[in-house]
Amino acid sequence: MPLGYLFELILPLAVCAIGVSYLLSMYLYIRSFWAPQHALSLGGNTGNPLYDFFIGRELNPRIGNFDLKYFCELRPGLIGWVVINLGMLMKEVELRGSPSLAMLLVNGFQLLYVTDALWNEEAVLTTMDIVHDGFGFMLAFGDLAWVPFTYGLQAMFLVVHPQSLSTLGATGIILLNGIGYYIFRKSNSQKNQFRRDPTHKSVAHLETIATATGKRLLVSGWWGFVRHPNYLGDLLMALAWSLPCGMSHILPYFYVIYFTILLIHREARDEKQCRAKYGLAWDTYCRRVPYRIFPYIY
Ligand code: NDP
């Protein structure tokens, strides 16, 4: 397929994706008034129509068995993102004859990230987006427009600003992405396994503390290192995706800057929810594991 055309079509496609996310959010907002009380999210029912439209009133809206939020969280946006990246790679081939090392790294790293997310798709069921947040404009726009069109900025940048990358530089960047991926995958899998089956042999040896809800909290292993090791790994990868684009422009660093702000804010939101859920046990956890994301820094 002549995917290189995506380079010229990126703006109209982005406008369409924004339009679709507005239409979907309006549909979700309107249908939520027919949803039963138990199907509504806690945070998205303040009575302020603008706020509720943004955050989302209904928790997991479905058409028959088709779960709209579960579908949108991973499929269209993430797959769209790697297709756009591939389009940029093909545009580079059209312009310069072969893909650059920087373009191959950006495509390879992000393809790994997306493949991992789809391979471990069921893990999304324990994330805040699915469990706590309603499905409204924030997630619809994020999933359908924001992710594919802003997460692909590095590849778009490389089409217009080719970069030469030394073997040593590329090795360092691959190493950084590898370390980030390892921390991200191991910590997410450890928590998912623990939540699914705390007696499983891979997690049974870990130290935990009891909470009043009956659920336990991990205080050793990855979750005893910092309180959000998965965010740390994700941020290391985000940096590795920007570095192949060189240091001449801030645009390819947009993702890592935005993502740091998003994850610091997300961590604070999660912290608030966990404190409300687990009370004193959460305070004990925070004393045992004092750093939130970056060891000895934050
Ligand atoms: P997390 O997977 O970090 O889940 C947080 C929940 O884990 C808490 O609410 C709590 O829920 C449980 N938990 C916290 N501490 C412990 C502990 N010590 N022991 C056991 N359970 C604990 O939430 P996210 O949805 O924020 O992140 C999931 C992944 O998605 C991350 O890797 C993140 O980086 C990534 N992500 C990527 C984004 C992107 O745009 N690329 C955007 C957002 C997230 P409970 O106790 O109820 O189980």
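Atoms within a ligand are numbered from 1 in the order they appear, just like the ligands themselves. Source: prediction; values computed, not measured.
- Heavy-atom separations between Arg227 and ligand 1 are all 4.0 Å or longer.
- For ligand 1 and Thr127, the ligand atoms under 4.0 Å from any heavy atom of the residue are 25 (O), 28 (C).
- There is no protein heavy atom less than 4.0 angstrom from atom 30 (O) of ligand 1.
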Would you please test Tyr285 and Tyr278 for ring-ring contact (aromatic ring centres under 6.0 Å, His included) and show each step?
CA-CA 10 Å; Tyr285 176 52; Tyr278 300 126; 9.2 Å; no

Which is it for Tyr29 and Phe33 under the ring-ring contact (aromatic ring centres under 6.0 Å, His included) test, yes or no, and what are the steps along the way?
CA-CA 7 Å; Tyr29 183 72; Phe33 288 97; 5.2 Å; yes

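- Salt-bridge annotation for Asp270 and Arg292: absent, with no side-chain N of the basic residue lying under 4.0 Å from a carboxylate O of the acidic one.
- In this structure, the protein non-hydrogen atom closest to atom 20 (C) of ligand 1 is Arg195 NH2, 3.4 Å.
- Residue-ligand proximity, Cys274 to ligand 1, at heavy-atom distances under 4.0 Å covers atoms 8 (C), 9 (O), 10 (C).
- With respect to Arg75 and Glu121, a salt bridge is recorded, a charged nitrogen being found less than 4.0 Å from a carboxylate O.
- For the residue pair Asn85/Tyr151, the side-chain donor-acceptor check at 3.5 Å is not satisfied.
- Using modelled atom types and a 3.5 Å distance limit, the side chains of Ser100 and Gln163 yield no donor-acceptor pair.
- Between the side chain of Thr127 and the backbone N or O of Ala123 there is no donor-acceptor pair closer than 3.5 Å.
- The aromatic rings of Trp223 and His228 sit perpendicular to each other, their planes meeting at more than 60°, with 30° as the lower class boundary.
- Trp81 and Tyr113 are not linked by any side-chain donor-acceptor pair at a separation below 3.5 angstrom, with hydrogens and angles left out of the test.
- Look at Asn188 and you'll find a heavy atom under 4.0 Å from some atom of ligand 1.
- For ligand 1, the atoms sitting less than 4.0 Å from at least one non-hydrogen atom of Phe184 are 32 (O), numbered in the order shown with element in parentheses.
- With a heavy-atom cut-off of 4.0 Å, Trp222 does not touch ligand 1 at all.
- Within the 4.0 Å heavy-atom cutoff, Lys191 counts among the residues contacting ligand 1.
- Of all atoms in ligand 1, listed by their number and element, those nearer than 4.0 Å to a heavy atom of Tyr285 are 18 (N).
- Remark: ligand 1 atoms within the under-4.0 Å shell around heavy atoms of Tyr151 are 39 (C), 40 (O), 41 (N).
- The parts of Leu217 lying near ligand 1 are both backbone and side chain, judged by heavy-atom distances below 4.0 Å.
- Contact atoms of ligand 1 toward Tyr255: 41 (N) (distance under 4.0 Å to a heavy atom of the residue).
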